[in-house]
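What follows is one structure encoded as structure tokens, with my remarks underneath.
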Amino acid sequence: MDRRPIKLVFDVLLMLVGALLGIATNYATDQSDHVPLALRLLQDWSVPLIGVALVLLVGGQIALHLLDRPAPARRVWNNTHPPYPGLEAFTEDDAAVFFGRDREIAELIGRLHPVVPGRAQRFVTVVGPSGSGKSSLVRAGLLPALARRRGRWEVAVPFSPGEDPVGTLQRRLAQLPEERPALLVIDQLEELLTLAGREERDAFLTAVRDALRRDARLWMVATLRSDFLTGFLESGFAELVRDPAVVGALARDALHEVIEKPAEQAGLTFAPGVVARMVDECGGGDALPLLAYTLQELYLRVGGSGGTVTEEAYRALGGVAGALSERADQITGELADAPVIPTLLRFVTIDRNEATRRRVHRGDLTPREQEVADAFVAGRLLTGDRGVLDVAHEALFRQWAPLRQAVVARAEDLRRRTELERWAQDWDHAERQDAYLLTEERLSAARRWLEQSSRTVGATPLVEEFVDRSLRTDRATMERAADAVAVRVLERLDTEPETAVLAALAAVEECAATPGAVQALHTALGASRLQAVLRPEHPGLRQRPFDRRVARR
């Protein structure tokens, strides 16, 4: 129900009560001897009227406050899921077990729904380092809080830019009703830099800006890794990220809440000293995802609700720092000779020297790679949804030593793959125009990468098609150039025989050894008065013998 008409009625009533209070006060203080009898009777009732008016004023203000304030959160845990999400982000369904971010939730609501409506921030960027819980804050904190204002907000299902950012944005906008304010959540905005090409990124941000200008009832919230903030500030869309809401590390008391409050909901207990030890071990940028993964593993190992986490169980798991690595080592050991590291490298991309996640279509993997992916999905280190696989969290390739070392060793190959994917996406987005194809040194580097590195870090079908099309187009261009030179050579044989030889040789060696170019070279040599100094190993000249002697008149 829309509460704004009710608030308006209360505002009008409070104005009338205020006016009545003023009139009653005037009569109560009037000591004139010439007051008419009717007014004197009203004066006798002025004191009670003042009391009633004051009660109404106080009651009205309380009512307005309650109307403007979201209903208290109902902490109802869905016991079909663990109370800890592991490496995955919290969702709206996890609101009952999401704790520690009350201040940040209040700040975001204040930006979207301030006391003065004209000061509302219609595009809010939530910025923080990887692992700080930005997605969880928005999904499990902000969205449930706004849901309690359901009469005001229509909240769309959050989405990430992914491989088709513009198309996904347009579909989400089309799903929103036009009769009331709506909120669109864009998770992992950095994918516009790490997965999309420049053309697609600019098209997406332009569409966002146009949608906000076109519809005054539209709000947007985006999460963004702080190490990619500069990339957006340097673009032509800096106004979208210039005043971000910053998410930092949790304080010790908040970490206690993150551990103990969900446990209370689930009937899970901790032996004395275990919680304090876990908090002490929460250091570094990946503290939250590692803690959440450790807690989920402990919950499952002690039997779920009603279980007790002992010091021995916590130590056997490897603690906060070791739980993830232990599980990854265990899976790798069970897979024996399977290509674990090459498969996992497919889920990593590098941009601006930062390793980030990369989604992979299941159909792009070989059967053995699919076996590896399935094992890591079962271990809750990868996720799978509708045929698309992803790392559950980037902590996997920052905290597990074998994969972290492989990322460092293959950094240049991963960076080259990222470039090729962007160029291929720009080509595809531009309806595959030849102007976007690779040429010269970029084409040579791409060909070397495909021949030497693609088996190790993987290449998408689009990249393979892009490079193949570039090679074929470049070859056709060189062949046309060689044939064009051959025509000019034959035209200048009589007037410039020596120049004709050099031009024909350049056409064969630097363009392409087409039949026309090779024939022109032989003809030029035969007509030349100079001794032909040729390299016999050139493949174009093995097709037929020629006379190396000095031509005579």
Side-chain angles (χ1 to χ4, degrees), residues 1-2 4 89-93 95 108-109 111-113 117 120-126 134-224 232 235-237 239-241 357 359 361 383-388 390 422 425-432 462:
M1 183 182 71
D2 194 343
R4 287 176 292 176
F90 284 89
T91 67
E92 272 192 273
D93 294 335
L108 291 176
I109 291 177
R111 287 175 178 246
L112 295 169
H113 185 58
Q121 189 173 345
R122 295 182 51 228
F123 190 97
V124 179
T125 309
V126 181
K134 304 177 294 298
S135 297
S136 296
L137 167 63
V138 173
R139 292 171 179 256
L142 173 64
L143 295 190
L146 293 177
R148 297 192 292 275
R149 302 172 178 265
R150 190 59 75 187
R152 173 165 175 76
W153 294 98
E154 171 73 20
V155 181
V157 177
F159 74 98
S160 300
E163 298 177 351
D164 181 25
V166 177
T168 305
L169 174 65
Q170 291 173 344
R171 288 190 292 272
R172 285 293 192 277
L173 290 173
Q175 295 169 0
L176 295 173
E178 298 181 356
E179 62 270 11
R180 59 177 174 172
L183 178 69
L184 201 64
V185 175
I186 308 169
D187 199 10
Q188 300 174 40
L189 190 65
E190 64 272 7
E191 288 186 358
L192 292 176
L193 297 178
T194 61
L195 300 181
R198 182 186 182 93
E199 298 281 336
E200 204 161 25
R201 180 201 70 190
D202 290 350
F204 179 88
L205 294 175
T206 298
V208 165
R209 189 165 59 188
D210 291 346
L212 291 170
R213 290 173 178 174
R214 184 173 57 250
D215 188 354
R217 292 170 297 183
L218 178 64
W219 276 255
M220 295 188 187
V221 173
T223 65
L224 174 65
F232 285 94
S235 70
F237 305 89
E239 73 277 6
L240 296 176
V241 298
R357 68 204 312 154
R359 295 183 183 88
H361 290 277
T383 62
D385 182 25
R386 299 178 183 179
V388 178
D390 194 2
R422 286 181 186 165
Q425 288 164 3
D426 281 340
W427 171 64
D428 192 50
H429 185 260
E431 300 181 348
R432 305 196 170 197
L462 179 62

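All of these numbers come straight from a predicted model, not from anything done at the bench.
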Test log, rule side chain to side chain donor-acceptor pair (under 3.5 Å), inputs R209 and T206: CA-CA 5 Å; R209 189 165 59 188; T206 298; 4.6 Å; no

D187 and T223: CA distance, side-chain angles, deciding distance, side chain to side chain donor-acceptor pair (under 3.5 Å) verdict: CA-CA 5 Å; D187 199 10; T223 65; 2.5 Å; yes

Does any part of the side chain of [Y], heavy atoms only, come nearer than 4.5 Å to the side chain of [X], both counted from C-beta?
X    : Y    : result
T168 : P161 : no
D390 : D385 : no
V185 : F159 : no
E191 : P165 : no
L205 : F232 : yes
L240 : L189 : no

Identify the two heavy atoms, one from [X] and one from [Y], that lie closest to each other, and give their separation to 0.1 Å.
X    : Y    : value
V166 : E200 : CG2-O, 4.0 Å
P158 : R172 : O-NH2, 3.8 Å
A140 : T91  : CB-O, 3.3 Å

Can you tell me how far [atom2] of [Y] sits from [atom1] of [X], rounded to the nearest 0.5 angstrom?
X    : Y    : atom1 : atom2 : value
W219 : R111 : CH2   : CZ    : 15.5 Å
L212 : E239 : CG    : CD    : 9.5 Å
L146 : L112 : CG    : CG    : 6.5 Å
E199 : Q425 : CD    : CD    : 12.0 Å
D210 : D215 : CG    : CG    : 12.5 Å
H429 : R198 : NE2   : CZ    : 13.5 Å

R171 and D164: CA distance, side-chain angles, deciding distance, side chain to side chain contact (heavy atoms under 4.5 Å, CB included) verdict: CA-CA 11 Å; R171 288 190 292 272; D164 181 25; 3.8 Å; yes

Residues forming a ring-ring contact (aromatic ring centres under 6.0 Å, His included) with F123, sequence neighbours excluded: none

Check against side chain to side chain contact (heavy atoms under 4.5 Å, CB included), L173 and L218: CA-CA 9 Å; L173 290 173; L218 178 64; 3.9 Å; yes

F237/L192 under side chain to side chain contact (heavy atoms under 4.5 Å, CB included): CA gap, chis, key distance, verdict: CA-CA 12 Å; F237 305 89; L192 292 176; over 6 Å; no

R359, CZ: over 12 other non-hydrogen atoms inside 6.0 angstrom: yes

Option from L137, V155, V124, L143 for which side chain to side chain contact (heavy atoms under 4.5 Å, CB included) with V221 holds: V124

